[in-house]
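The block underneath contains the structure these notes are about, expressed in structure tokens.
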Amino acid sequence: MMDLNLLADIGTALSPYLVLGSIFYLALELRQQNKVSKAATRQEIAKAHQSLTLASMDERLIQARIKFYKGIDLTEEEEHAWTVHLHAIFRARENHFYQFNAKMLDEEEWEAMLRGFVTLFERHFNYEVWNRVKGTYSPKFVAIVDTELAKLNL
């Protein structure tokens, strides 16, 4: 009987350390899982960017860009195609904003994406589209974009 009591006492004495070890192990696992999740988020962003880039090779979009550079008005079809393309870009950046708020992107990554995004508005047509459709986007995202645009005096 003494041996069982001794074993019970040893188990009781060791249990806090075993619990701490389990908590430490779980913390390490969560940290690793967070790294994996962030890497997956970055991969999805890269894939989305690649898809948008490939979509921009559409003949109408190429013609629209050429016309923008030359100061030539777009046809209705080109204008529509360009507007739809802009919506895809706007939604992608809004998604990046959500990822940043969820701590899946760090501040440096988000700031770089935002700076790149704001360069779109150097083209007046894009700025007009943004002003026309921004009510369909998250108010917090719109506020950030508009703040950046105000810095550029657009």
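Here the structure is a predicted model, which is why all the values come from computation and not from measurement. Just so you know, residue 1 is the first one in the sequence shown, and it goes up from there.
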Task: Non-neighbouring partners of His85 that pass ring pair (Phe, Tyr, Trp, His ring centres under 6.0 Å), sequence neighbours left out - done: Trp82
Task: Transitive ILVMFWY side-chain link Ile144 to Leu105, under 4.5 Å - done: yes
Task: Interatomic distance, Ile66 atom CD1 to Leu74 atom CG [nearest 0.5 angstrom] - done: 11.5 Å
Task: Residue pairs, two or more places apart or on separate chains, that pass salt bridge (Lys or Arg N to Asp or Glu O under 4.0 Å) and touch residues 91-101 - done: Arg91-Glu94
TODO: Report whether Tyr98 and Leu114 are members of the same hydrophobic cluster (ILVMFWY, side-chain heavy atoms less than 4.5 Å apart, transitive linking).
DONE: yes
Open item on the list: Measuring from atom CD of Gln33 to atom CG of Leu26, what distance do you get when rounded to the nearest 0.5 angstrom?
Closed with: 12.5 Å
Task: For Asn101, side chain to side chain donor-acceptor pair (under 3.5 Å) partners two or more places apart - done: none
TODO: Not counting sequence neighbours, which residues clear side chain to side chain donor-acceptor pair (under 3.5 Å) with His87? List them please.
DONE: Tyr137
Task: Test ring pair (Phe, Tyr, Trp, His ring centres under 6.0 Å) applied to Phe100 - qualifying residues, sequence neighbours left out - done: Trp110
- [ ] Only counting residues at least two apart or in another chain, list the ones meeting salt bridge (Lys or Arg N to Asp or Glu O under 4.0 Å) with Lys140.
- [x] none
- [ ] Find the distance between OG1 (Thr119) and CG (Asn126) and round it off to the nearest 0.5 Å.
- [x] 9.5 Å
- [ ] Not counting sequence neighbours, which residues clear side chain to side chain donor-acceptor pair (under 3.5 Å) with Glu59? List them please.
- [x] Gln63
Task: Quiz item: cation-pi between Arg123 and Tyr69, 6.0 Å / 45° - done: yes
Open item on the list: Using the salt bridge (Lys or Arg N to Asp or Glu O under 4.0 Å) criterion, which residues pair with Glu79? Sequence neighbours excluded.
Closed with: none
- [ ] Consider only side-chain heavy atoms of I, L, V, M, F, W and Y, link residues closer than 4.5 Å, and tell whether Leu152 and Ile89 are in one cluster.
- [x] yes
Task: Verdict with reasoning, Phe117 to Phe90, per side-chain contact (heavy atoms from CB on, under 4.5 Å) - done: CA-CA 8 Å; Phe117 178 61; Phe90 295 167; 3.5 Å; yes
Task: For the student: nearest non-hydrogen atoms of Trp130 and Phe121, plus distance - done: CB-CE2, 3.3 Å
- [ ] Give, for atom CG of Leu86 and atom CZ of Phe125, the distance between the pair rounded to the nearest 0.5 Å.
- [x] 7.0 Å
Open item on the list: With salt bridge (Lys or Arg N to Asp or Glu O under 4.0 Å) as the rule and sequence neighbours excluded, what pairs involving residues 62-76 come up?
Closed with: Lys67-Glu78
Open item on the list: Applying a strict under-4.5 Å side-chain criterion to I, L, V, M, F, W and Y, I'd like to know whether Val84 and Leu120 cluster together.
Closed with: no
Task: Glu77: partners by salt bridge (Lys or Arg N to Asp or Glu O under 4.0 Å), with sequence neighbours left out - done: Arg60
TODO: Kindly work out whether a path of hydrophobic side-chain contacts (I/L/V/M/F/W/Y, heavy atoms less than 4.5 Å apart) joins Ile72 to Val129.
DONE: no
TODO: Can you tell me which residue pairs pass the salt bridge (Lys or Arg N to Asp or Glu O under 4.0 Å) test with a partner in residues 105-119, sequence neighbours excluded?
DONE: Arg42-Glu109
Open item on the list: I'd like to check the side chain to side chain contact (heavy atoms under 4.5 Å, CB included) partners of Ile10; sequence neighbours left out, ordered by chain and number.
Closed with: Leu6, Leu14
Task: Closest approach of Val142 to Lys134 (non-hydrogen atoms, all atoms of both residues) - done: CG2-O, 3.2 Å
